[in-house]
Amino acid sequence: MNESRDWTVYDRPDLRAGFGTTVGSSCEVMLALDGMHCAACASRATKQLSGQASDIHINVAARTARFRFDPRTTRLSALLAALDGAGLDPRILASENSAERDKKARRMAFARIGVATICAMQVMMLAWPTYFVADIDAGTKALLRGAQLVLSIPGVLWAGWPFFANAWRAIRSRRLDMDVPVALALSTAFAASTVRVLLGSGELYFDTATMFVWFLTVGRYLEGRSRARASERLRLLAGRRALTAQRRINGQVETIPIGQLTLGDVAVVAPGDTVPADGTLLERAAELDEALLSGESRPQLRQPGQTLLAGTLNLGSAPLLLKVERLGANTVLAQITQLLDHGETRKPKLQQFADRIAGHFIAAVLALAAIGAALALFRGASGDVAFGIALAVLVASCPCALSLAVPVALAAATSRLARGGVLVANASALQPLATIDHVLFDKTGTLTDNRMQLIQILPLAGGDSATLVRIAAALERGSRHPLASAFADIATPLQAGQLTHVAGSGISGIIAGQRYRLGALDAAPVPVGLPPGFASPADATVIALSDDQQPLALFVIGARLRAEATAVAAELRRRGLRLELLSGDAEDAVHAVAQAVGIDDWRARQTPAAKLARLQALRADGHRLLAVGDGLNDAPLLAAADVSACMPQGAALTQSKADLLLLGDTLSLLPLTLDVARATQARIRENLWWALGYNLLVLPLAMSGTLPPWLAAAGMSASSLLVVGNALRLERLPSPPSLAS
Amino acid sequence: MPSLYLLIPIGLGVVFLAIAVFLWATASGQFDELDEQAVRLPDDER
C-alpha cells in the first residue's frame, strides 16, 4: 500500500472489546498478515513486534500472528503501523473465543494421547517378563506388578478421563452411549488389577487397559482433527468482519466503530481495508478480493451501481465509496456464517440412526458380558476366568467403530468440499445427494452469469458485422455502463474521440472523422424499428449503432452463459443424471441456452408456482431432485427440492435454506460435490458393515473365552482405526479432470 | 536379579520425567501447529 493508513482508531478502549481478549493487564489480539508468505516474512513480523509485544505466535501457513501487549504502555496503532511499514499488510481479526477454547481442548487431547502412549509402552514392557519368563523371584515379580500399577494411574485414569466423564454424564441422563462399556471395562480392569497387585496374586489387565486407552484417544483425536478442519473456514469467515468503518458525512470522513454505521450512510473503504457492510458501489469502479466469500482468488472488478459484499477487500489503490444497504446480521457474510453455524449443530439422520443402534447394541453388550461370565461360572470355571470373559466381551464388542462410522465420514467429506469451495450448510444433505437422479437448473444467474454478451448482430445497411462490432467496441471502451461489458472482450484498433454520454439514451463519439452513436432504439437520430420477424429474447436488450444519416446495425445483448456450464452438464450426464432447465424467460432464450449447454429437457415461461408444480410432478414419479439456483428468485424451488445448491448472491440466502453453497460463483464444483456425496455414502456403508460384522464375529469368540482381553482390545481398536482411515480417504478425492482448474 | 530392585524404580522415574517434559511441551504450544512445519523454511534467526 503506497499511502500510510490511520491506525489510531484501534487505540480506542471501547473498540478493543471487539477484537482483544484481556489477559491480566495485557490484551491479546489476533492479526491476519496477508503480506506474510514465507519464513523470512515471519521473522520480519517478529522483529517488528518484539520489545513491545509478548507471547508472539506467528503462523505462516494461516498467515496470522497472535500476541499480547500492555495497553497502558504500548499503542497498538504503533505496532500495526510498523507491520504495515514492513509490507505485511496487517488486519485485525475479530475475537473468536471459541477458537481459543478449541485450541485448549486440542492441546489437552494431544497431551492425553502422549501420556497414554508413554504409559502403554512402559506397562507392556513391564508385563512382558511376567508372561514369558518362568523363573522370576517373588520380590521382582511384585515390583514389576507394582510398577505397572503406578504407570497405569496416569495411563488409564488421567489419559482415559474423558471416557469416564462422558460415561458418567450419559448414565446420569439415563442414556447408554459408547463410553459406558468403555468406562465399565476400563474401571473394572483397573480396579480388579489393583486389588490383585495388593493381594500379590492373580492375572493383571493393566496392559490391556492402557493399550485400549491409547487406541481410543488416537481414534478420537483423528476424528476431532477432521472436524476442526471442516469448521476452520467458518472461523476465518467470522473473523474477517470489519470492526471499524469510515463514514463520509458532510464532506468529512470520520472513523467509527462498525456498530455506529447506519443504513444509507456513505462508507469510505481505504485501499486494503475490509468492506464493512453490503451496499452499492458509488462513483468509481473498484477491484475487490472476494476470496473469503467465494473462494475466487482473482481480483474482481466491480462497476458503480454493483453490489459489494461485507468481508471483501478493496484491492485498488484508491479508496472506494459504498452506500450502505445491509448491515450486521443481514449481510451475506453473516448469513453464510449463520447457515453454517446452524448446519453444524444439526445431526444427520444417518448419524441419529447409528446412535440409536449403538444404544441398543450397548445394552446388549452389557447383558452379554454378564451372561458370558455367568455361563463360565456355571460350567465350573474360576472367578478369574469368568472375569476375563466378561472383560473380553465388553472390550471386543464395544461399538466404537459403529459410532465413528458416520461422523468421521461426514467430517472428511465436508472438509474436502470446503477445500474446493463448496460449503455444506446442511450435512444431512449429503445422503440424499448421493441418490439424486434429476437436476433442475434455473437459467438466469445459474447457467448464465452477471456479465453481458453479444448474442446477435443484425447489420441494417449492409456492411461487415466484424467492422461494426469494432466500431461499437471503440465507443464503449472505458464506459461503465453494464451493457458495455458485452464489448469488453472485443479487440479493436479504432480510437473514438469526443465521447459523450447521454444518460438513458446512449453514447456518441467520432471515429476516423465520422460521428457514430450507440444506444437505445428510440433515441437514434432516425428511429429504428425491429426488423420484421425478429423476436428478441425476453431478458435481452437491443441497441442500435447509427451514423449521422442512418442506422447501421442492431446488437442483441443478453446474459452470458457461464464458461463451465457445458462441461458441467456433460459431467453430470456422465454420472447418469437427467438435466432439466426451468426458466421464466421466453422460449427462444431458454432454447438457446439449453441447446448451448446440451440440456434436452427445457421449459420456458415458468412461473415460480409452475416450477414448483413440475418439481412435485417429478417427485411423484419417484425422481429425487437436486435444484440449482442463484437463491434470489427461486427460493421456493430450492426449499422444496430434496437437495438444493445455490450461488450465494443475495440476502435471501437464509430463506432459500440451501443445503450447499457454491461459493466460487461457478458450477464447476457440482460434479465433484456429487462424487463426494456418493463416495461418502459408500464409505459410510462400508464402515457400518465392517463395524457390525466385526462385532458380531468376535462376540462368540470372546464369550467362549477363546479371545483374551488384550487381543480383544487390539482388535477393537484396530477396527476403529480402520473405519477412521477409510473415511479419511474422502479428503483426497480428485476433481474430474475436465473441470480441474 | 537384585539389580532390578534399583533399575525398575529408576526406570519409573525416567518415565515420569519424560511425561513431565512432554506435558510442558504441549502446554507451551510445541504441538499446536503440526501441519505448518512442513511448509516452513529453516529459520536461523531464532
Side-chain angles (χ1 to χ4, degrees), chain A residues 37-44 46-47 50 55-64 66 102-104 106-119 121-123 125-126 129 133 135-137 139-151 153-155 158-159 225 229 232, chain B:
Chain A
H37 303 288
C38 60
C41 308
S43 75
R44 198 148 32 104
T46 316
K47 221 176 282 169
S50 56
D55 288 297
I56 305 168
H57 295 273
I58 308 270
N59 183 337
V60 182
R63 297 191 190 168
T64 56
R66 187 164 45 81
D102 282 356
K103 199 181 69 192
K104 281 203 179 110
R106 266 206 309 279
R107 277 185 185 175
M108 200 60 168
F110 198 82
R112 290 192 205 275
I113 290 185
V115 169
T117 313
I118 297 173
C119 292
M121 289 192 308
Q122 299 304 317
V123 167
M125 212 167 68
L126 292 167
V133 182
D135 54 337
I136 306 182
D137 62 282
T140 309
K141 197 163 183 179
L143 192 57
L144 284 170
R145 288 162 68 98
Q148 287 184 55
L149 169 60
V150 171
L151 284 168
I153 292 171
W158 187 75
R225 209 171 64 139
R229 276 195 196 145
E232 177 77 4
Chain B
M1 290 184 280
S3 60
L4 284 180
Y5 290 104
L6 188 62
L7 288 176
I8 290 176
I10 290 179
L12 279 184
V14 172
V15 169
F16 279 103
L17 195 69
I19 290 179
V21 169
F22 173 75
L23 289 181
W24 166 80
T26 312
S28 63
Q30 291 284 324
F31 302 110
D32 279 359
E33 286 133 14
L34 295 174
D35 298 330
E36 183 203 335
Q37 302 308 324
V39 296
R40 193 167 184 163
L41 289 171
D43 184 356
D44 51 9
E45 287 192 34
R46 264 185 287 171

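Labels below follow one simple rule: chain letters A, B, ... track the order of the sequence lines, proteins then strands, and each chain is numbered from 1. Below, each value reflects all heavy atoms present in this structure, side chains not excepted, and no hydrogens, waters or symmetry copies.
To the nearest 0.5 Å, atom CZ of residue A/Arg106 and atom OG1 of residue B/Thr26 are 13.0 Å apart. Between the CZ atom of A/Arg107 and the CG atom of B/Leu23 there is a distance of 12.5 Å, given to the nearest 0.5 Å.
At a 4.5 Å heavy-atom cutoff, the contact between B/Ala27 and chain A is made by backbone atoms alone.
Heavy-atom minimum distance, A/Leu143 versus B/Leu4: CD2-O, 3.7 Å. Between B/Tyr5 and A/Thr140, the shortest heavy-atom contact is OH-N, 3.3 Å.
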Show me the donor-acceptor pairs, under 3.5 Å and distance only, between side chains in residues 110-117 of chain A and residues at least two apart or in other chains.
from: A/Arg112; atom 1: NH1; to: A/Trp158; atom 2: O; distance (Å): 2.6
from: A/Thr117; atom 1: OG1; to: A/Ile113; atom 2: O; distance (Å): 2.6
from: A/Thr117; atom 1: OG1; to: A/Trp214; atom 2: NE1; distance (Å): 2.8

N/O donor-acceptor pairs under 3.5 Å from side chains in residues 14-22 of chain B, not counting sequence neighbours:
none

